[in-house]
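All residue numbers refer to positions in the sequence shown, counting from 1.
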Amino acid sequence: VQLQASGGGLVQAGDSLRLSCAASGRTFSGYRVAWFRQAPGKERDFVTSITWDYGSTTYADSVKGRFTISRDFAKNTVYLQMNNLKPEDAAVYYCAAGVGIGKDYRTWPYWGQGTQVTVSS
């Protein structure tokens with residue numbers, strides 16, 4: 001499966017942004033789809049994930065209540081709605097897909113290119 005991430009940009013603190021992760025080559029069926037983020041000089045961190053078939057979600061504590069992951073079957077796309085953005089949310093955001101895996105980015109086999117999110121204070 002090939003992943004295409006989009007939607008990043010420059011926003012002010014408190015603003016919202018929606019990222020998209022579209023699949024091609026096959027559907028996301030059977031996969032868990034996740035968003036990770038990586039700030040300069042830091043490790044790639046888990047943000048959130050969703051099981052495509054059942055819609056069960058997991059969030060990092062730092063984004064709970066502000067970020068929402070969702071999916072659109074018709075568009076074969078996963079979204080990350082980010083509200084009340086903070087400067088510490090600034091990073092390159094990556095979407096990933098895989099089967100039966102957790103929060104360690106090294107275990108995820110399929111990746112999209114990153115999309116930059118910049119949050120000014």
field: side chain to side chain contact (heavy atoms under 4.5 Å, CB included) partner of Ile50, the single match among Thr68, Thr58, Val78
entry: Val78
task: Would you please classify the geometry between the Phe36 ring and the Trp111 ring as parallel, tilted or perpendicular, with 30° and 60° separating the classes?
output: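 Aromatic pair Trp111/Phe36 classed tilted.
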- request: For the residue pair Tyr110 and Tyr31, categorise the inter-ring angle as parallel (less than 30°), tilted (30 to 60°) or perpendicular (more than 60°).
  value: tilted
query: Can you name the closest pair of heavy atoms from Ser20 and Thr77 and give their distance?
result: CB-CG2, 4.1 Å
- prompt: Minimum heavy-atom separation for Ala13 to Ser121, with atom names?
  reply: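 The answer is CB-CA, 4.3 Å.
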Can you tell me if [X] uses its side chain to pair, donor with acceptor, with the backbone of [Y] under 3.5 Å?
{"X": "Thr107", "Y": "Tyr105", "result": "no"}
{"X": "Arg32", "Y": "Thr51", "result": "no"}
{"X": "Trp108", "Y": "Gly102", "result": "yes"}
{"X": "Arg71", "Y": "Trp52", "result": "yes"}
{"X": "Gln113", "Y": "Ala5", "result": "yes"}
{"X": "Asn83", "Y": "Asp15", "result": "no"}

field: Short side-chain donor-acceptor distance under 3.5 Å, Ser16 and Asn84
entry: no
Check for me, please, whether [X] and [Y] land in the same ILVMFWY cluster - side-chain distances under 4.5 Å, paths through other members count.
{"X": "Val63", "Y": "Phe46", "answer": "no"}
{"X": "Val47", "Y": "Leu3", "answer": "yes"}
{"X": "Leu80", "Y": "Val1", "answer": "yes"}
{"X": "Phe73", "Y": "Val33", "answer": "yes"}

Are [X] and [Y] packed together at the side-chain level, in the sense that at least one heavy-atom pair is separated by less than 4.5 angstrom?
{"X": "Arg26", "Y": "Gln2", "value": "no"}
{"X": "Tyr79", "Y": "Leu19", "value": "no"}
{"X": "Met82", "Y": "Val117", "value": "yes"}
{"X": "Ile101", "Y": "Pro109", "value": "yes"}

Distance from [X] atom [atom1] to [Y] atom [atom2], nearest 0.5 Å?
{"X": "Phe67", "Y": "Leu17", "atom1": "CZ", "atom2": "CG", "value": "9.0 Å"}
{"X": "Ser62", "Y": "Asp89", "atom1": "OG", "atom2": "CG", "value": "7.0 Å"}
{"X": "Tyr93", "Y": "Thr115", "atom1": "OH", "atom2": "OG1", "value": "10.5 Å"}
{"X": "Phe28", "Y": "Cys21", "atom1": "CZ", "atom2": "SG", "value": "4.0 Å"}
{"X": "Thr27", "Y": "Asp53", "atom1": "OG1", "atom2": "CG", "value": "8.0 Å"}
{"X": "Asp104", "Y": "Glu43", "atom1": "CG", "atom2": "CD", "value": "8.0 Å"}

query: Stepwise, does the side chain to side chain contact (heavy atoms under 4.5 Å, CB included) test hold for Lys86 with Arg66?
result: CA-CA 10 Å; Lys86 303 176 181 180; Arg66 299 188 300 122; 3.8 Å; yes
- request: Just do the side chain to side chain contact (heavy atoms under 4.5 Å, CB included) check on Tyr94 and Arg44 with the steps written out, would you?
  value: CA-CA 9 Å; Tyr94 298 90; Arg44 190 169 297 190; 3.4 Å; yes
